[in-house]
Amino acid sequence: MIIGLTGGIASGKSTVLKMLADLGSITIDADQISREATKKGSQALNEIKEVFGKEYIDKNGKLKREALGDEIFNDKLAKERLEQILHPKIDIQMKYLIDKYQKEYPSKLIVVDIPLLYEVGKEEQFNEVWVVWVDFKTQLERLMKRNDLSYKEAKNRVRAQMPLDEKRKKADRVIDNSGSINHTNRQVKELFNKVSSKE
Ligand SMILES: CC(C)(COP(=O)(O)OP(=O)(O)OC[C@H]1O[C@@H](n2cnc3c(N)ncnc32)[C@H](O)[C@@H]1O)[C@@H](O)C(=O)NCCC(=O)NCCS
Ligand SMILES: Nc1ncnc2c1ncn2[C@@H]1O[C@H](COP(=O)(O)OP(=O)(O)OP(=O)(O)O)[C@@H](O)[C@H]1O
C-alpha cells in the first residue's frame, strides 16, 4: 500500500514521516529528493544558475537555499520557473524509488512525503492521501521559529500553498498536529495499525 503524506509548510510532515519510519514503514521524502537534485555540480543547479543568476550559488558551488526561497515565495513567476526546472526531475526519482521499494518490500507500508501533492494533482498515484493538519496560528509560530522568519515572511510562505483547510477536506485521513508530539504520535500509531491490519 502506498500512502501520500502531505500538509502545509511546517505543519509537521517530516515529524510524522519519522514516526511512520519508526513504526516500520518505508519512507520517501520529496524535499530530500529535491535537495539531492540541486547538489553541487548537478544539472538542475546549472539550470537554476542560468535562469536566476549566479548570485544564488555560493563560493563553494552550493545552492543558496534561503536566498532562493526568499525569491520564489515573493514572486509567483519565479516560483513557477523553479518548479519547471525541478518538478520533472523530482518526479522521475520519486517514481523510481516507489517502484524499487515496492519490489524490495512488497508487504511494507510505503509513505511518500510530498508537500505539493494536491497543488500538482498527484492524488491518483496513491492508495490513500493523509494530511498533516495544524491550525494557522500554530503553523505560523512553528515556521517563524524553525526558519527564523518574520511574521510577514512566514505568511508569504504559507500563502504560496493551497490552504491547509482545503487540503484537510480532500484528505482520506487527517492527522491533527496542533497539539503535543505525544498527541500526534498516538494518532499516527492508530492509523498505522488500522491500515496495516487491512493489508
Ligand atoms: C525554494 C527552496 C530552495 C527553499 O529551500 P529550503 O531548504 O529553505 O526549504 P525546503 O526545500 O526544505 O522546503 C521546505 C518547505 O517549503 C515548501 N515549499 C518548497 N517548495 C515549494 C514550492 N515550490 N511551492 C510551495 N511550497 C514550497 C514545502 O512545504 C517544503 O516542505 C526549495 O524549497 C526548493 O527548491 N523548492 C522547489 C522545489 C519544490 O517545489 N519542492 C517542493 C516539494 S516537491
Ligand atoms: N506537535 C508538535 N509540537 C511542537 N512542535 C512541533 C510539533 N510538530 C512539529 N513541530 C516542530 O514544528 C516545525 C515544523 O515541523 P516539520 O519540520 O515536521 O514540518 P514539515 O511539514 O515537514 O515542514 P516543511 O514543509 O517546511 O518541510 C519543526 O521545527 C518541528 O520540530
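Note that ligands are numbered from 1 as they come in the structure, with each ligand's atoms numbered from 1 the same way. As the structure is a prediction and not an experimental result, all values here were calculated from the model.
Lys49 NZ: 12 or fewer foreign heavy atoms inside a 6.0 Å radius.
Scanning all protein heavy atoms for the shortest distance to atom 36 (N) of ligand 1 gives Leu82 CD2, 3.9 Å. Given atom 26 (O) of ligand 2, the protein heavy atom at minimum distance is Arg146 NH2, 2.6 Å. Of the protein's non-hydrogen atoms, the one nearest atom 29 (O) of ligand 1 is Gln161 NE2, 2.9 Å. In terms of protein heavy-atom proximity, atom 35 (O) of ligand 1 is nearest to Leu86 CD1, 3.5 Å.
The proximity of Arg65 to ligand 1, defined as any non-hydrogen pair under 4.0 Å, involves the side chain as well as the backbone. Contacts between Leu116 and ligand 1, counted as non-hydrogen atom pairs separated by less than 4.0 Å, involve the side chain only. Residue Asp31 touches ligand 1 through its side chain alone, judged by heavy-atom distances below 4.0 Å. Looking at Arg35 against ligand 1, only its side chain comes within 4.0 Å, counting heavy atoms.
For the pair Lys108 and Tyr101, the cation does not sit on the ring face, since its NZ or CZ is not both under 6.0 Å from the ring centre and inside 45° of the axis.
Distances from atom 11 (C) of ligand 2 to the heavy atoms of Lys145, Gln139, Arg142 show the closest one on Arg142. Around atom 18 (O) of ligand 2, the closest heavy atom drawn from Asn185, Thr15, Asn182 belongs to Thr15.
Remark: ligand 2 and Ala10 share an N or O pair separated by less than 3.5 Å (distance only, no angle test).
Annotation for ligand 2: atoms under 4.0 Å from non-hydrogen atoms of Lys13 are 18 (O), 19 (O), 20 (P), 21 (O), 22 (O), 23 (O), 24 (P), 25 (O). Against a heavy-atom cut-off of under 4.0 Å, Asp31 is close to the following atoms of ligand 2: 27 (O).
Heavy-atom separations between Gly7 and ligand 2 are all 4.0 Å or longer. At least one heavy atom of Ser11 sits less than 4.0 Å from an atom of ligand 2. Taking 4.0 Å as the cut-off, Glu66 does not count as a neighbour of ligand 1 on heavy-atom distance. Using 4.0 Å as the threshold, Ile114 has no heavy atom nearer than that to any atom of ligand 1. Ligand 1 lies less than 4.0 angstrom from a heavy atom belonging to His87.
The pair Asp70-Arg65 does not count as a salt bridge, with every side-chain nitrogen at least 4.0 angstrom from each carboxylate oxygen.
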